[in-house]
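Shown next, in structure tokens, is the structure this report addresses.
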Amino acid sequence: MLERYKPLEIEKYWQDQWLENQPWKVSEDGNKPKYYLLEMFPYPSGRIHMGHVRNYSIGDVVARFKRLQGYNVLHPMGWDAFGMPAENAAIQHGTHPAVWTKENIANMRTQLKRMGLSYDWSRELATCDPDYYRWEQLIFLKMFEKGLAYKKSAAVNWCPECETVLANEQVEEECCWRCENKVEQKELDQWFFRITSYAEELLEWTGKLPGWPESVLTMQRNWIGKSTGAEIEFSVEGKDQSVRVFTTRPDTLFGATFMSLAPEHPLAETLTVSERREEVAAFIKKVQNVDQIQRSSDEYEKEGVFTGSYCVNPVNGAKMPVFLANFVLMGYGTGAVMAVPTHDQRDFEFARKYDLPMQVVIQPEGETLDPATMTEAWEGPGTMVNSGDFDGLDNDAGKEKVSAALEAQGAGQSSVNYRIRDWLVSRQRYWGTPIPIIYCKDCGAVPVPEQDLPVKLPIDIEFTGEGGSPLAKLESFVNTPCPQCGQPARRETDTFDTFIESSWYFLRYASPHCETSPVDQAAVDYWLPADQYIGGVEHAVMHLLYARFWTKILRDLGMISLDEPFENLLTQGMVCMETRSCPEHGWLYPEEVEDGRCSRCQAEAVSGRNEKMSKSKKNVIDPDGLIKRYGADTARLFTLFAAPPEKDLEWNDQGVEGCYRFLNRIWRLVYDNLATIDDVSEVDTGTLSSAAKDLRRLVHRTIKKVTEDIDGSFHFNTAIAAVMELVNSISAAPDKEAAPEVLREAIESVVRLMAPFVPHICEELWQELGYEDSLDECGWPVWDEDALLADTLLIVVQVNGKVRGKVTVAADADKDTVEAAALADTNVMRFIADKTVRKVIVVPGRLVNIVVG
RNA sequence: GCCCGGGUGGCGGAAUUGGUAGACGCAAGGGACUUAAAAUCCCUCGGGAGUAAUCCUGUACGAGUUCGAUUCUCGUCCCGGGUACCA
């Protein structure tokens with residue numbers, strides 16, 4: 001055995017072994033329980049970053065741990081390969097997105113292998129591969145057939161200078177990121193998925209996912225945003241038209257004094273009288289330039305414009321002026337609200353500004369509201385007043401009563417509304433899955449016949465970042481005969497949102513090479529649901545909701561029988577770091593800062609916020625340097641030890657050295673004791689000295705702690721700390737050579753317990769300890785309950801809640817004995833001597849609190 | 001704005017179900033070994049008082065519940081994530 005730990009040599013040896021033997025290649029096996037461990041697959045941005053190292057180190061611990069526990073573990077890896085950065089690289093550097101992506105995948109695959117992650121690489125997939133996206137196109141066609149995919153008009157960010165659609169991220173302070181021109185909103189015909197049809201089921205199942213963090217479930221519930229209320233129809237005075245509103249407060253209907261419509265509302269134009277047309281048009285234009293987040297914010301100045309038309313309140317015949325208002329969003333409800341200024345704060349502000357009438361219809365208990373003196377709306381509960389037959393009712397009961405009355409009258413009914421909107425999946429970009437639709441001027445939108453799939457993304461294409469969608473300019477792609485009538489037609493040139501690929505890749509892993517359908521049902525039945533999904537908390541809503549949605553879609557298409565894809569979810573925190581910038585050169589990489597100055601111009605580097613490591617802000621650490629210097633085991637250990645997984649990890653590279661030192665300590669522990677423990681008998685628990693018993697107790701307590709820290713809570717940092725303590729104690733253990741069999745058990749336990757975290761060094765040491773089989777073969781250590789028990793316990797003694805002493809008692813001492821020992825402690829006696837003992841609280845095995853006064 | 005998290009020494013973090021605040025590691029200081037350096041080992045390490053025993057104080061801030069609060073409740077401040085075309 002070598003005296004020194006040489007990580008790079010060891011890691012190369014074991015990685016070569018793993019490459020050759022593929023020990024983690026799995027198939028369906030009825031003899032073992034299955035365990036599907038899934039980590040969110042990466043976008044191939046170029047190089048792995050610390051977030052990946054963290055995510056995949058966490059996952060690998062669990063995968064290796066479960067394997068050691070005897071599970072048949074599926075642990076796959078792939079690439080979320082479509083997306084905007086590839087196209088940006090093409091525009092900026094002239095590299096084709098396909099080439100750029102392929103190179104990145106090759107690089108990152110090498111990097112992941114260098115980390116010693118236990119993947120079944122035979123299942124690797126890349127979403128930009130036609131063998132993958134062809135199935136997505138098929139699923140889309142089936143959805144189209146069932147009406148779950150449909151087209152409608154929706155707004156996009158449009159840069160008039162570049163003549164291109166911009167993603168939200170490409171809009172900086174309302175301007176295009178490339179040419180800095182003002183961005184406009186433009187209406188386009190786009191494809192949608194009817195996720196709203198699944199809103200109720202998606203919501204209901206949030207109550208049936210006990211393995212998910214409550215915070216994620218709450219976020220999803222709020223995102224779906226179910227609210228119950230009523231839809232009410234208001235006829236327009238003097239016209240054969242009506243405005244439908246959704247309200248959660250039908251109980252306030254008698255207080256509705258005007259109407260507010262979204263500026264985009266289809267009736268906005270027809271309801272505008274000719275003399276107000278100019279003013280209204282100017283207002284609509286102004287609102288269109290403001291984004292929705294700003295529009296719905298509380299601080300945003302509420303503004304509106306009168307259309308000149310009036311509605312009639314169906315319950316009291318009141319004449320209600322119709323306004324367009326900037327805070328009403330077309331995307332929510334019906335895009336129109338009945339305004340009740342007395343009981344809705346936004347309506348209140350609006351009414352005060354435009355001097356509109358107010359009528360109190362809910363009186364809170366013990367108060368009398370008067371519109372003349374009110375300074376804000378009363379949104380709380382109360383008794384209904386000024387509401388005809390409903391006067392005197394509790395407003396909560398009134399909600400249903402009013403809805404019922406409206407229904408009888410034919411002017412409305414109770415209704416449920418969701419905040420969630422249908423999923424817009426069209427993207428006016430190149431690097432994505434082509435949408436398999438052909439437009440014929442006679443037949444309309446015609447699906448590409450199944451046998452013609454996949455519609456392959458053409459490769460011979462130019463990138464300028466200007467002039468609209470690149471695919472639309474490629475005549476050879478666009479022009480194609482109509483599959484129905486044969487006359488010349490045009491292909492859809494939009495591509496799919498890349499969130500679609502990540503909504504079903506975890507199903508494809510079960511049968512990644514299936515050539516007859518998206519998934520092999522038997523394989524999905526065996527492997528799914530994923531027992532554990534691990535990924536960044538930033539995906540709490542969108543990705544995780546879309547993945548749940550598509551699982552249900554595939555179920556309803558009869559392709560799988562699965563309601564939910566992920567049994568347990570671990571959302572890891574982000575890896576954050578301070579950003580730094582130079583006034584001259586913009587964002588700076590850490591290696592571009594020397595002594596707080598920009599390495600290029602020597603200007604002082606400005607420290608920015610601490611935020612998620614991201615390439616665009618250059619606050620990233622390249623894990624490669626770490627691995628080259630210390631090895632993969634140290635890199636893994638450090639990310640696992642630095643913080644518990646669900647917490648954000650603030651990067652600081654000082655702790656790395658300590659982890660490397662710890663691995664050296666383990667190495668030396670084996671090296672120094674190898675001769676002593678070379679040939680020993682079994683532990684005989686009957687004849688152990690008290691020192692040997694103490695060591696053995698700590699060994700078994702550590703096994704228990706590490707097992708529970710990994711299995712229950714993923715608290716790897718405390719698991720590792722426990723092994724560190726064990727190593728310290730073994731080194732310091734008195735007279736350990738006297739019981740070499742206990743020493744051997746202790747040292748072997750250290751190696752076995754660390755194996756999921758730092759596999760290379762542990763395999764190597766396991767071999768040095770004389771084992772020929774891999775650690776994988778010997779299973780996870782089991783603790784001996786009898787070895788855990790101690791003879792004595794340390795009990796803390798408090799007086800009035802403050803620690804005043806500690807006493808040691810026999811482990812089986814009864815309450816009275818413990819109490820007596822506590823009262824007899826000399827320091828404790830000082831504090832109770834001249835006082836009356838009022839109460840003594842004894843917490844068995846822990847503490848005694850003496851209350852005096 | 002809205003929704004979801006978080007805030008503990010110089011730093012990362014630990015603390016079972018409300019029961020010794022600061023485990024483990026880093027950094028720092030002191031010492032041993034060495035011609036020297038590296039490596040390793042030993043000691044100190046929240047703040048304050050004290051020779052010491054020990055005492056006071058301390059978990060973002062302000063209240064509350066409790067024999068006892070980092071933990072539970074209410075309010076405030078600050079930081080991070082998401083906000084539907086970044087992935």
Side-chain angles (χ1 to χ4, degrees), chain A residues 4 40 42-43 45 80 82-85 88 156-157 165-171 213-223 225 292-300 331 420-429 497-499 502 536-543 545-546 571 573-574 576 609-612 614-616 638 641-644 646-659 661-662 664-665 668 708 715 717-718 720-725 728 731 794-804 806 827 830 838-841 843 846-853:
Chain A
R4 297 280 310 262
M40 289 180 187
Y43 177 77
S45 55
D80 186 14
F82 276 138
M84 230 175 31
N88 292 339
V156 293
N157 301 312
V165 174
L166 299 174
N168 289 345
E169 201 192 42
Q170 297 171 313
V171 180
E214 201 49 49
S215 59
V216 173
L217 295 172
T218 307
M219 276 190 264
Q220 293 209 352
R221 284 182 200 120
N222 292 337
W223 184 268
Q292 305 234 323
I293 298 170
Q294 225 184 321
R295 273 175 65 184
S296 55
S297 110
D298 264 6
E299 281 164 23
Y300 183 54
I420 194 172
R421 308 195 298 265
D422 275 341
W423 177 8
L424 195 170
V425 293
S426 299
R427 296 291 181 272
Q428 295 68 38
R429 286 185 231 298
D497 179 3
T498 59
F499 267 120
S502 54
V537 64
E538 66 271 27
H539 296 291
V541 177
M542 301 186 65
H543 160 61
L545 195 62
Y546 293 148
T571 47
M574 274 146 307
C576 297
R609 294 194 305 145
N610 216 312
E611 53 192 312
K612 177 168 86 163
S614 94
K615 238 180 148 177
S616 57
F638 176 64
F641 182 59
E646 66 275 13
K647 211 172 157 172
D648 283 353
L649 195 162
E650 219 162 283
W651 185 262
N652 119 34
D653 35 30
Q654 287 180 324
V656 180
E657 195 78 37
C659 288
R661 274 206 285 265
F662 175 57
N664 273 288
R665 273 171 73 87
R668 233 172 20 253
E708 290 173 350
H715 283 174
N717 54 335
T718 51
I720 293 164
V723 182
M724 285 175 170
E725 282 182 79
N728 291 343
S731 302
L794 186 70
I795 303 290
V796 168
V797 187
Q798 297 183 333
V799 178
N800 285 348
K802 294 199 171 192
V803 180
R804 298 300 182 192
K806 289 165 194 178
N827 197 47
R830 281 174 48 211
R838 305 215 180 269
K839 200 162 152 192
V840 179
I841 291 148
V843 182
R846 288 210 151 265
L847 123 168
V848 177
N849 188 15
I850 302 159
V851 184
V852 298

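Chain letters run A, B, ... following the sequence lines, proteins first and then strands; every chain starts at 1.
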Worksheet item: How does RNA chain B read in dot-bracket, base by base from 5' to 3', with Watson-Crick or G-U pairs under 3.5 Å and | used when the partner is on another strand?
Response: (((((((..(((......[....))).(((((.......))))).((((....))))..(((((..]....))))))))))))....

Item to complete: Look at all strands and tell whether A/Ala540 reaches a base, only sugar-phosphate, or nothing, counting heavy atoms closer than 4.0 Å.
Response: nothing

Item to complete: Select one nucleotide: of B/rA84, B/rC86, B/rG19, the one nearest the side-chain heavy atoms of A/Leu847.
Response: B/rG19

Practice prompt. From the options B/rA87, B/rG80, B/rC24, select the nucleotide whose nearest atom is closest to the side chain of A/His539.
Written response: B/rA87

Worksheet item: Do A/Ser731 and A/Arg665 touch side chain to side chain, with heavy atoms closer than 4.5 Å?
Response: yes

Practice prompt. Please report, rounded to the nearest Å, how far the P atom of B/rA23 is from the CZ atom of A/Phe662.
Written response: 17 Å

Practice prompt. Kindly point out which of B/rG81, B/rC67, B/rG19 is positioned nearest to the side chain of A/Gln798?
Written response: B/rG19

Discussion item. Once rounded to the nearest 0.5 Å, what's the spacing between atom CZ of A/Phe662 and atom CG of A/Asn728?
Written reply: 8.0 Å

Discussion item. Expressed as a whole number of angstroms, how long is the span from A/Lys647:NZ to B/rG81:P?
Written reply: 16 Å

Item to complete: With the side chain counted from C-beta on, respond yes when A/Phe499 and A/Trp423 share a heavy-atom pair under 4.5 Å apart, and no when they do not.
Response: yes

Discussion item. Return whichever of A/Met724 or A/Asp422 has its heavy-atom-nearest nucleotide of RNA chain B closer to the 5' end.
Written reply: A/Met724

Worksheet item: When you measure from the side chain of A/Thr218, which nucleotide among B/rC4, B/rC86, B/rU54 comes out closest?
Response: B/rC4

Item to complete: Give one of base, sugar-phosphate or nothing for A/Thr498, where a contact means two heavy atoms less than 4.0 Å apart.
Response: sugar-phosphate

Worksheet item: With a non-hydrogen cut-off below 4.0 angstrom, is A/His543 in contact with a base, only sugar-phosphate, or nothing?
Response: nothing

Worksheet item: Distance check: side-chain N/O of A/Lys802 vs OP1/OP2 of B/rU57, anything under 4.0 Å?
Response: yes

Worksheet item: If you measure from CZ on A/Arg838 to CG on A/Asn800, what distance do you get to the nearest 0.5 Å?
Response: 10.0 Å

Worksheet entry | Sugar-phosphate, base or nothing in reach of A/Met40, heavy atoms under 4.0 Å | nothing

Item to complete: Measure the shortest side-chain to side-chain distance between A/Gln170 and A/Asn157 over non-hydrogen atoms and say whether it is less than 4.5 angstrom.
Response: no

Worksheet entry | Euclidean distance, A/Asn222 CG relative to A/Ile420 CD1, rounded to 0.5 Å | 12.0 Å

Could I get a table of every N or O pair under 3.5 Å where one atom is in the protein and the other is in nucleotides 39-41 of chain B?
residue, atom, partner, partner atom, Å
B/rC41, OP1, A/Arg665, NH1, 2.8

Worksheet entry | Heavy-atom check, side chain of A/Leu424 versus side chain of A/Asp497, under 4.5 Å | no

Practice prompt. Between B/rC67, B/rG25, B/rG82, spot the one nearest the side chain of A/Glu538, thanks.
Written response: B/rG82

Discussion item. Regarding A/Gln428, tell me which of base, sugar-phosphate or nothing describes its non-hydrogen contacts under 4.0 Å with the strands shown.
Written reply: base

Worksheet item: Rounded to the nearest 0.5 Å, how far does CE of A/Met219 lie from CD of A/Glu214?
Response: 11.0 Å

Discussion item. I'd like the C1' distance from B/rG75 over to B/rG58, given in whole Å.
Written reply: 22 Å

Worksheet item: Is A/Asn222 near enough to B/rU83 that one of its side-chain N or O atoms lies under 4.0 angstrom from OP1 or OP2?
Response: no

Worksheet item: Distance only, no hydrogens: is a donor on one side chain within 3.5 Å (strictly under) of an acceptor on the other, for A/Asn664 and A/Arg661?
Response: no

Fill in: Touch class at under 4.0 angstrom, heavy-atom based, for A/Val851 against every strand present
sugar-phosphate

Worksheet entry | Any residue meeting side chain to side chain contact (heavy atoms under 4.5 Å, CB included) with A/Val537, in chain and number order, not counting sequence neighbours | A/Thr571, A/Met574

Item to complete: Please work out if A/Trp423 contacts a base, only the sugar-phosphate, or nothing of the nucleic acid, heavy-atom cut-off 4.0 Å.
Response: nothing

Item to complete: Describe the nucleic acid contact of A/Asn849 in one word from base, sugar-phosphate, nothing, applying a heavy-atom distance below 4.0 Å.
Response: base

Worksheet item: Hey, does the side chain of A/Arg804 come within less than 4.0 Å of B/rC55's phosphate (OP1/OP2), counting only N and O?
Response: yes

Item to complete: Among the candidates B/rG5, B/rA84, B/rA87, find the nucleotide nearest to the side-chain atoms of A/Ile420.
Response: B/rA84

Item to complete: Return the value, rounded to whole Å, for the distance between atom CG of A/Asn168 and atom C1' of B/rU83.
Response: 10 Å

Worksheet item: Expressed in angstrom and rounded to an integer, what is the separation of A/Glu646 atom CD from B/rG7 atom P?
Response: 11 Å

Worksheet item: Which listed nucleotide (B/rA14, B/rA84, B/rA87) is nearest to the side chain of A/Pro644?
Response: B/rA14

Worksheet item: Is any side-chain N or O of A/Thr718 closer than 4.0 Å to OP1 or OP2 of B/rA14?
Response: no

Response to the item:
Considering only heavy side-chain atoms of A/Met542, the closest of B/rG13, B/rC67, B/rU83 is B/rU83

Worksheet, complete the sentence: OG1 of A/Thr718 to CD of A/Glu708, rounded to nearest 0.5 Å, is 11.0 Å

Worksheet item: Which glycosidic conformation, syn or anti, is assigned to B/rG58 if syn requires a torsion within 90° of zero?
Response: anti

Discussion item. Just to be sure I understand the rule, does A/Leu649 reach a base, reach only the sugar-phosphate, or reach nothing, if contact means heavy atoms closer than 4.0 Å?
Written reply: nothing

Discussion item. Using a heavy-atom cut-off of 4.0 Å across all strands, would you classify A/Val171 as base, sugar-phosphate, or nothing?
Written reply: nothing

Discussion item. Between A/Val797 and A/Leu847, is there a side-chain heavy-atom distance shorter than 4.5 Å?
Written reply: no

Response to the item:
Separation of B/rA87 atom C1' from A/Tyr43 atom OH, nearest Å, is 8 Å

